[in-house]
Amino acid sequence: MEKDTFFTAFLVGFGSTALEVIISLIFKYTGLIKTPLYFFVGKLAVGEISAKPWIVAIIGILGHLLTGMFFAFFFILMLQKWGRDYIYIKGLCYGGLLWLFHEVIIPNIITSDITLKVSASSQFWHFFDGLIWGISAAFIFKYLQERRVLE
């Protein structure tokens, strides 16, 4: 499995990010959040250009999936370097760190004038979403490793 870290990152990132997008949709349609994280990503990508909400959502989901694969790559490298012991705790911590990147660091690098604000109550659920991403990434990685799917 370690021989193809890119493909493993693709599977782990795609699976855990797709789950997170589905959970974001559930949070949105149950009224827990107003703005799913993927829509936030789409709005950052589109900027001030006017676009229909479904186009922003599609761009956001694609961008979010790619970002998830990118961060899964570093998660896998971390596990390969420092070990797979306590993998679920490492996944939770990494997911919490991703919330910091998604909500604070990346938006401020892209623009200092964010037109899409995320409410404080939504931030709590986005943080929870990040934890779900981290634990599911750890679970998927461990599953692939134990089943030797990629060898």
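When each of D129, L32, I132, I61 is checked for a side chain to side chain contact (heavy atoms under 4.5 Å, CB included) with S24, only D129 meets the rule.
The shortest side-chain heavy-atom distance between Y29 and L25 falls under the 4.5 Å cut-off. Residues K90 and D85 meet the side-chain proximity criterion, which asks for heavy atoms closer than 4.5 Å. Taking the side chain as every heavy atom from C-beta outward, Y38 and E20 never approach each other to under 4.5 Å.
Remark: R84 CZ to M78 CE distance equals 11.0 Å, nearest 0.5 Å. Note that CD of Q145 and CD1 of I76 are 10.5 Å apart. Values are rounded to the nearest 0.5 Å. Atom OG1 of T5 sits about 11.0 Å away from atom CG of L79, to the nearest 0.5 Å. Atom SG of C93 and atom CG of L98 lie 11.5 Å apart (nearest 0.5 Å). The structure places OG1 of T8 at 12.0 Å from CD1 of I140, a figure rounded to the nearest 0.5 Å. Here CH2 of W125 is found 12.0 Å from CD1 of I26. Values are rounded to the nearest 0.5 Å.
Follow the hydrophobic side-chain contacts under 4.5 Å out from F124 and you never reach L92; the two are in separate clusters. Cluster membership check: L66 does not share its hydrophobic cluster with L11, using side-chain heavy-atom separations under 4.5 Å among Ile, Leu, Val, Met, Phe, Trp and Tyr. Following chains of ILVMFWY side-chain contacts shorter than 4.5 Å, one can reach I135 starting from L97, so the two form part of one hydrophobic cluster. Taken together through direct or relayed side-chain contacts under 4.5 Å among Ile, Leu, Val, Met, Phe, Trp and Tyr, F14 and F6 form part of one hydrophobic cluster. Residues W133 and L77 share a single hydrophobic cluster, defined by chaining ILVMFWY side chains whose heavy atoms lie under 4.5 Å apart.
Taking the six-membered ring where tryptophan is involved, the planes of Y94 and F75 are tilted, since the angle between them lies from 30° to 60°. Classification of the F71-F101 ring pair by plane angle, with boundaries at 30° and 60°, yields tilted. Relative orientation of the F10 and F7 rings is parallel, given thresholds of 30° and 60° on the angle between their planes. Below 30°, between 30° and 60°, or above 60°: for F70 and F74 the angle between ring planes is above 60°, a perpendicular geometry.
Heavy atoms of other residues, nucleotides or ligands lying less than 6.0 angstrom from CZ of F73 number more than 12. Enclosure of atom OH in Y86 is not indicated, since only 12 or fewer non-hydrogen atoms of other residues, nucleotides or ligands lie within 6.0 angstrom.
Of all heavy-atom pairs between W99 and H126, the closest is CD1-C, 3.6 Å. Taking both residues in full, the closest heavy atoms of H64 and T17 are given as O-CG2, 3.3 Å, listed atom of the first, atom of the second, then distance. Taking each heavy atom of G96 and F127 in turn, the nearest pair found is CA-CE1, 3.8 Å. Shortest non-hydrogen contact noted between A18 and L65 is N-CD2, 3.9 Å. Annotation for L19 and S136: closest pair CD2-CB, 3.7 Å, computed over non-hydrogen atoms.
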